[in-house]
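Residues: numbered from 1 along the sequence shown.
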Amino acid sequence: PLKIKLRLLELWVNHMKQYEFNPIHSHDGLFSFVMFIKVPFLIEEMHKMAPGSKSPTNAAGSLTFFHPGNPFQDSFYREEIFYPDKTWEGKILIFPAYLCHQVQPFYGTEEERITISGNVYADTLVER
């Protein structure tokens, strides 16, 4: 069997204020993660005041992943949307680093949303 040695090479803290967002991007490495330290809203309450409050697809405050799709069957990608809020504090979300994702702005509070993110790499392959 092969053993994979993992190494955390990049680690950063995100401090986001209301109205700020992170556009579609991906990361280097084998997988990435986001740990929710402080999320200053409950999603239901924030969605009541967000600009898309009348929309059935209100994405305010969300984290969206874009999975590769099959353009011959459905579309070029499939969205997977998460709505992290106060109830997510202390939780971690791990995902393949290549997976494109974006973070939507939140509304209704002057408090910051704080997350810790990082990228993990496969350092070496060892045969045993």
Criterion side-chain contact (heavy atoms from CB on, under 4.5 Å) on Val120 and Leu30, from CA distance to verdict: CA-CA 6 Å; Val120 175; Leu30 183 61; 5.5 Å; no

side-chain contact (heavy atoms from CB on, under 4.5 Å) assessment of Met16 paired with Thr115: CA-CA 9 Å; Met16 295 183 78; Thr115 59; 6.0 Å; no

Test side-chain contact (heavy atoms from CB on, under 4.5 Å) applied to Thr87 and Leu42, step by step: CA-CA 8 Å; Thr87 65; Leu42 288 170; 4.2 Å; yes

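Atom CD1 of Ile4 is separated from atom CG of Leu6 by 6.5 Å, given to the nearest 0.5 angstrom. Distance CG/Leu63 to CD/Gln102: 9.0 Å, rounded to 0.5 Å. In this structure, the separation between CZ on Phe31 and OH on Tyr98 is 13.5 Å, given to the nearest 0.5 Å. Atoms CZ and CG, from Arg7 and Asp123 in turn, are 4.0 Å apart once rounded to the nearest 0.5 Å. Ile116 contributes atom CD1, which lies 5.5 Å from atom CE of Met35 (distance to the nearest 0.5 angstrom). Here CD1 of Ile37 is found 10.5 Å from CG of Asn14. Values are rounded to the nearest 0.5 Å.
Classification of Lys48 and Glu45 as a salt-bridged pair holds, one side-chain N sitting under 4.0 Å from a carboxylate O. Comment: Glu112 does not engage Lys38 in a salt bridge, judged by the lack of any side-chain N to carboxylate O separation of less than 4.0 angstrom.
Of all heavy-atom pairs between Ser32 and Asn119, the closest is OG-OD1, 2.7 Å. In this structure, Ala60 and Ala50 approach most closely via the heavy-atom pair CB-CB, 3.6 Å.
Residues Met49 and Tyr19 do not share a hydrophobic cluster, defined by chaining ILVMFWY side chains whose heavy atoms lie under 4.5 Å apart. Side-chain heavy atoms closer than 4.5 Å link hydrophobic residues (I, L, V, M, F, W, Y) into clusters, and following such links, possibly through other members, connects Phe82 to Leu99. The cluster map of Ile, Leu, Val, Met, Phe, Trp and Tyr, joined by side-chain heavy atoms under 4.5 Å apart, puts Phe66 and Phe95 in different clusters. Tyr121 and Ile94 end up in different hydrophobic clusters when Ile, Leu, Val, Met, Phe, Trp and Tyr side chains are linked at under 4.5 Å. The hydrophobic cluster containing Ile81 also contains Val34, counting ILVMFWY residues as joined when their side-chain heavy atoms lie under 4.5 angstrom apart, directly or transitively.
Between the side chains of Glu80 and His67, at least one donor-acceptor pair of N or O atoms lies under 3.5 Å.
By the neighbour-count criterion of 12 heavy atoms within 6.0 Å, atom NZ of Lys86 is densely surrounded, having more than that number from other residues, nucleotides or ligands.
Not counting sequence neighbours, Glu89 has no partner by the side chain to side chain donor-acceptor pair (under 3.5 Å) test.
Residues Ser117 and Phe33 fail the side-chain proximity criterion, which asks for heavy atoms closer than 4.5 Å. Using a 4.5 Å cut-off on side-chain heavy atoms (C-beta onward), Ile114 and Val13 make contact. Two residues are said to be in side-chain contact when any heavy atoms from C-beta on lie closer than 4.5 Å; Glu111 and Gln18 fail this criterion.
For the ring-ring contact (aromatic ring centres under 6.0 Å, His included) test with Phe41, the passing option among Trp88, Phe106, Tyr83, Phe36 is Phe106; the others fail.
Asp85 contributes a side-chain N or O that, together with a main-chain N or O of Ile43, makes up a donor-acceptor pair within less than 3.5 Å. Between the side chain of Gln104 and the backbone N or O of Ser62 there is no donor-acceptor pair closer than 3.5 Å.
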